[in-house]
Protein chains: 2
Amino acid sequence: MAKRVTLAEVAAQAGVSPITVSRALRRPDTVQPDTRARIDAAVAALGYVPDPAARALATGRADVIGVLIPSATNAVFTDVLTGLYDELSETRFDLQYGITRYEPATEEKLLGVFLRQRPAGLIVAGIDQTPAARRLLERADCPVVQVMETGPDPVDMMVGFSHHDAAAAATRHLIAQGYRNPGFLGARMDPRTQRRFAGFRAEAEAGGVFDPERCETTPVPSSVGGGAALLRALMTRRPETDAVFCNNDDLAMGALFEAMRMGFPVPERLGICGFNDLEMMHAAEPALTSVRTNRFEMGVRAARMIRARLDGRDPGPALIDLKPQVQARRSTGGPS
Amino acid sequence: MAKRVTLAEVAAQAGVSPITVSRALRRPDTVQPDTRARIDAAVAALGYVPDPAARALATGRADVIGVLIPSATNAVFTDVLTGLYDELSETRFDLQYGITRYEPATEEKLLGVFLRQRPAGLIVAGIDQTPAARRLLERADCPVVQVMETGPDPVDMMVGFSHHDAAAAATRHLIAQGYRNPGFLGARMDPRTQRRFAGFRAEAEAGGVFDPERCETTPVPSSVGGGAALLRALMTRRPETDAVFCNNDDLAMGALFEAMRMGFPVPERLGICGFNDLEMMHAAEPALTSVRTNRFEMGVRAARMIRARLDGRDPGPALIDLKPQVQARRSTGGPS
DNA sequence: TCATCTAATGATAGCGCTGTCATCGTAGCC
DNA sequence: GGCTACGATGACAGCGCTATCATTAGATGA
């Protein structure tokens, strides 16, 4: 094991006091240029790296940004992570992740784990924290960003979009394309899914084409296979269904394959619309319509807001709405 | 901000010295039952949570397990993460991730970042570390597990499989099914991809069916759209190709869609085999053959090995080979 | 009964760093 | 020339915890 080099050793080598080395490293403009040069040389010569634990203890603050997401395997969240990572990887901040498994209680617990480290910032997915978690977030004396979603009452800052409105826009598209018997496919039915369903329902009702019997849902997590099963169940029960708004792209992909198996031409007999616009959607045959959500951008913006606040700069508006767009493709080309 | 409660305050409340509280928390069997009870009550009453930074500074060791993976969006790695998480979430250990972006230099740098925290353990993807990174790992005085892959020269412990052999098995399957002009589709071409290609090549040559002109690769990261493009290029240049071994499932899915567009029936005109066996493979139409890799299990095992070592238990064999299996499905049903 | 051992608890010091205030020297000014 | 003001550097203490050794009380045995 390489021996640990301390500030004191660097200081001795540079012929200054430890505190001056500390300053030279953190606020280089507060030490004389030649002093700084001697210190830099000593740091390089000894291969000094600061001890994050010691710093955290002395400052009462860790250079860690905690991220709470429901799932590590759902592409929707990993895209946000990638955005965060991109924006933070060259800074002094480390990211630490917690996976809530869509369980509010787990989220609350992980929040406690993070908070005891006195993180520099906190990023949480969604707006559905428990009252206790919400209180913890409000009392956390660090910037907090809620991502994935916008809502009426930010804890601090927010980057996301309205799932209700996005689903409504997709539904509007289906109706505009001429589908008159649209259905809904949903899995897991977590709060965001529910809000998408509400958007679908509101718009379908407005268009006079809503039928609760054409809504097929399951509490199970979504998957391609699950989408296939849901579509089969729906088409068996309600054969008049001529389009489906799927709660996410996996379900839509499964619906496409099942439509093939059932011999329903897409889009003529059945229109299919997904949600999130993962890369695979445009490559499918036929290409699948979806709602493009700016997940990577969400991560980048969230990281930037936190950085701005920590650096004392203006973080800009506290609520950023990254409006999604319906990517119309062949799978919703209209009924024949 | 909730005021921080310290060990000393708990000690005062319980009428013991701070060090006894520390012991009661870390090794409950070393304090009297009634003392312990008083301390537990005080901890609960005050809502005490230990400060990880102070502990790390005092012990010279952080309860953090560092994980280095190439990508946060590739399902292959996130499945491993989920396994790790499952096994470690109820322990005192936190996971900290670093994304190497498939760049050895980034891996080396992140290793330095992790090491300065004196992590309790380290998990790295693959066996292709730079010499400097390898040296760092060897000198790290903590358990190290290389995951995703097996190789001849473990730094410490290893959980994975032979990508060469797995690809060879898939190729053997194609040949056994009667395909005589198999091709290869590959993207990114990182070291693991290269070894899969080598496995394909070795087996195809052994069967007398290898043709380098039937290998279509790109340095670009893999995607469904990319798989479609690769298949189109291959079939245009080498129309006699009657099957493709795709380096991963995204490419296979893209190849399937492109085969549809080109009017090639799968599996009669074109057999398709993927790699990893993501969930979507079984749900496709036709269902896609793939090589099932035990990614979740890899994460679980890696975490267990590290825990065993840290707890002084026997970690079992230092090298675990989680042999993948070819999941034969309709997409390789054989040529007509 | 007394030395000896063991289990339980405590006192002390220090992990590596930074916040706070003190000190020093020098420039600028009347 | 003497004063203030300010920039650069340093001394000191302490963040919250644990390693180490010391101490105490009780158990054990001759």
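To find a chain, count down the sequence lines: A is the first, B the second, and so on, and within it residues start at 1.
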>> Main chain of R118(A), side chain of R61(A): is a donor-acceptor contact present, judged purely on distance under 3.5 Å?
In response: yes
> Does the T35(B) side chain pair with the main chain of V31(B), one donor and one acceptor, at a distance under 3.5 Å?
Replying inline: no
Can you check the [X] [atom1] to [N] [atom2] distance for me, whole Å?
X	N	atom1	atom2	value
R26(A)	dT9(D)	CZ	C1'	14 Å
L7(A)	dA11(D)	CG	C1'	15 Å
D63(B)	dC17(D)	CG	P	14 Å
D51(A)	dC17(D)	CG	C1'	14 Å
I39(A)	dG10(D)	CD1	C1'	12 Å
L57(B)	dA19(D)	CG	P	12 Å
Q32(A)	dC6(D)	CD	C1'	13 Å

>> Does dA8(D) have OP1 or OP2 under 4.0 Å away from a side-chain N or O of T30(A)?
In response: no
>> Would you say S22(B) places a side-chain N or O within less than 4.0 Å of OP1 or OP2 belonging to dC17(D)?
In response: no
>> Go through it in stages, so that I can follow the logic: the residues are R134(A) and T130(A), the test is side chain to side chain donor-acceptor pair (under 3.5 Å), and I'd like the CA-CA distance, side-chain angles, deciding distance and then a yes or no.
In response: CA-CA 6 Å; R134(A) 165 118 199 162; T130(A) 64; over 6 Å; no
>> Under a 3.5 Å cutoff, is there a donor and acceptor pairing between the side chains of Q129(B) and Q146(B)?
In response: yes
>> For T100(A) and E103(A), which I'm curious about, is there any donor-acceptor pair between the side chains at under 3.5 Å?
In response: no
> Which sits closer to the 5' end of DNA chain D, V31(A) or A54(A), going by the nucleotide each is nearest to?
Replying inline: V31(A)
> Which is it for F114(A) and V67(A) under the side-chain contact (heavy atoms from CB on, under 4.5 Å) test, yes or no, and what are the steps along the way?
Replying inline: CA-CA 9 Å; F114(A) 280 175; V67(A) 185; 5.6 Å; no
> When you match I19(B) and T59(B) each to their closest nucleotide on DNA chain C, which lands nearer the 5' end?
Replying inline: I19(B)
> What are the bounds, 5' to 3', of the part of DNA chain C that sits under 4.0 Å from heavy atoms of chain B?
Replying inline: dA8(C) to dG16(C)
> Between dT9(D), dG16(D), dT18(D), which nucleotide gets closest to the side-chain atoms of T35(A)?
Replying inline: dT9(D)
>> Any base atoms under 4.0 Å from R23(A), or only sugar-phosphate, or nothing? Heavy atoms, all strands.
In response: base
> NA contact type, P50(B), heavy-atom cut-off 4.0 Å: base, sugar-phosphate, or nothing?
Replying inline: sugar-phosphate
>> Can you tell me how the ring of Y97(B) sits relative to the ring of Y97(A), calling it parallel under 30°, perpendicular over 60° and tilted otherwise?
In response: tilted
